[in-house]
Amino acid sequence: METRRLQVLVELARLGSMRAVADALRTTTSTVSQQIATLARETGAQLIEPHGRLVRLTPAGRRLVEHANVILSAVEAAQRDLSPGAEPSGTLRVAGFATALRAHVLPIVATLADAHPRLHVLVREHEPAEALALLAEDEVDLALVYDYNLAPATPDPAVAGVPLWTAAWGLGVPASEADAGPATSPDVFARFRSADWIGNSRNTADETVIRTLSSMAGFNPRITHRSDSLDLVEAMITAGLGVGLLPMGRPTVPGVRLLPLTDPQVSLRAYAVTRHGRSDWPPLALLADLIRRRARHDRPDGPDRPGEWPAP
């Protein structure tokens, strides 16, 4: 049952003649008659009957007009909601890693509740592979993910994204370790060749970085502990369980020292990723833009231009 035929029936109920309907819809009387006849066949009911030189609606026709008014109003509302200039409304599903959610999404959600009360944001914490799988299955609308310059993500032609920020990472070690002064990343790793290493329990990129730099330093790391919580990684280091990667810009607990990793540098790269063709949806466009703005404000050294995911 096409909405254009319902519109013809509604106009017939309002104007009372097929000629008047044809004039209002800029079509022919024959086309109006065909549309009504097709609608009658689809519903299996007689919708109009002769009334002098004109026609009038049957009881079934009047009842269908009642339904048609509801249906056409709903279609018009949907078109308003989905148009690029519409007021953001509906449910927006976001999946991302904890740091991005805590620093960039949750503060925005708090302000959206006042500015856009018809917009409801659902938040799920997931590591990149998990978030991208949910995006592929259409379980979420926006994925906030990351990779490392030494462990770049594999491009996926089904999604599109923009860089948000970059952040330098270092090696977290016990605070009791003496400062050996400036050194290359392989030199830093070589100092801990006999240590246990702490990897990420839900993302293999951290382990790839550890194994890459360890290989450059000439040893195979013994990764014995795993955690996707930075707080727990610090607690493990403080407890003497090993060493692990940590972001340089994050304050650490007193028992942890951060050693810079340079030559090569270790950089985390964050991205906002969506499915192709979805980015113009008003709620998604609004949140993605607010996240980009917040990321640029908080990290002025990060990317400030549209790009592809993963970044070259």
Side-chain angles (χ1 to χ4, degrees), residues 82 84 86 88 90-109 111-112 116 119-169 200 202-209 228 230 245 247 249 265-312:
L82 298 177
T91 299
L92 176 60
R93 306 160 300 171
V94 182
F97 59 106
T99 300
L101 296 178
R102 186 183 302 112
H104 299 287
V105 175
L106 296 185
I108 291 173
V109 170
T111 61
L112 285 178
H116 303 281
L119 178 58
H120 184 210
V121 181
L122 300 182
V123 177
R124 301 173 61 170
E125 185 270 323
H126 286 280
E127 285 292 300
E130 300 165 344
L132 291 172
L134 291 172
L135 190 67
E137 295 166 3
D138 202 22
E139 293 292 327
V140 298
D141 306 298
L142 176 66
L144 301 179
V145 302
Y146 67 87
D147 67 1
Y148 294 99
N149 62 320
L150 299 184
T154 302
D156 183 351
V159 301
V162 294
L164 294 176
W165 71 82
T166 61
W169 277 51
N200 191 314
R202 294 161 57 200
N203 183 18
T204 60
D206 296 61
E207 182 172 333
T208 299
V209 173
D228 67 345
L230 296 178
L245 297 175
Q265 184 181 40
V266 176
S267 297
L268 177 145
R269 309 178 297 188
Y271 308 89
V273 183
T274 62
R275 292 168 64 91
H276 281 298
R278 304 287 182 88
S279 59
D280 288 338
W281 181 40
L284 184 54
L286 172 64
L287 183 59
D289 182 62
L290 290 175
I291 292 173
R292 286 194 296 268
R293 290 172 181 268
R294 186 177 181 87
R296 289 198 296 266
H297 178 269
D298 291 349
R299 297 178 183 269
D301 58 330
D304 191 25
R305 67 187 188 283
E308 296 298 324
W309 177 80

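Along the sequence shown, residues are numbered consecutively beginning with 1. The structure displayed is predicted, hence computed values, not measured ones.
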Side chains of Val140 and Val94 in contact at under 4.5 Å (non-hydrogen atoms): no

Close side-chain approach of Asn203 and Phe97, heavy atoms under 4.5 Å: no

Beyond-backbone contact of Asp289 with Arg293, side-chain heavy atoms, under 4.5 angstrom: yes

Value rounded to 0.5 Å, distance of CD in Glu207 from CG in Leu245: 11.0 Å

Close side-chain approach of Asp156 and Val159, heavy atoms under 4.5 Å: yes

Student check: side-chain heavy atoms of Thr99 and Leu230 closer than 4.5 Å: yes

Steps toward side chain to side chain contact (heavy atoms under 4.5 Å, CB included) verdict (Leu119, Leu287): CA-CA 10 Å; Leu119 178 58; Leu287 183 59; 6.0 Å; no

His116 side chain vs Thr111 backbone, donor-acceptor pair below 3.5 Å: no

Any side-chain heavy-atom pair of Leu92 and Leu122 under 4.5 Å: no

Gap separating the CD atom of Glu127 from the CG atom of Asp228, nearest 0.5 angstrom: 5.5 Å

Sidechain-backbone polar pair: Arg278 side chain, Asp141 backbone, donor-acceptor under 3.5 Å: no

Side-chain (Arg93) to main-chain (Val123) donor-acceptor, under 3.5 angstrom: no

Spatial distance of atom CG (Leu150) from atom OG1 (Thr208) [nearest 0.5 Å]: 10.0 Å

Arg294, His104, Arg269, Arg292 screened by side-chain contact (heavy atoms from CB on, under 4.5 Å) with Trp165, the one that passes: His104

Exam field: side chain Asp147 to backbone Pro152, donor-acceptor pair closer than 3.5 Å: no

Closest heavy-atom pair and its distance - Ala131, Val145: CB-CG1, 4.2 Å

Asp138 and Arg275, any side-chain heavy atoms less than 4.5 Å apart: yes

Side chain to side chain, Leu268 and Asn149, heavy atoms closer than 4.5 Å: no

OH on Tyr148 to OG on Ser267, rounded to 0.5 Å: 10.5 Å

Leu101 CG to Arg124 CZ distance, which is reported to the nearest 0.5 Å: 11.5 Å

Aromatic ring proximity, centroids under 6.0 angstrom, Tyr271 and Tyr146: no

Chi angles and distances behind the salt bridge (Lys or Arg N to Asp or Glu O under 4.0 Å) call for Arg202, Glu130: CA-CA 9 Å; Arg202 294 161 57 200; Glu130 300 165 344; 2.7 Å; yes

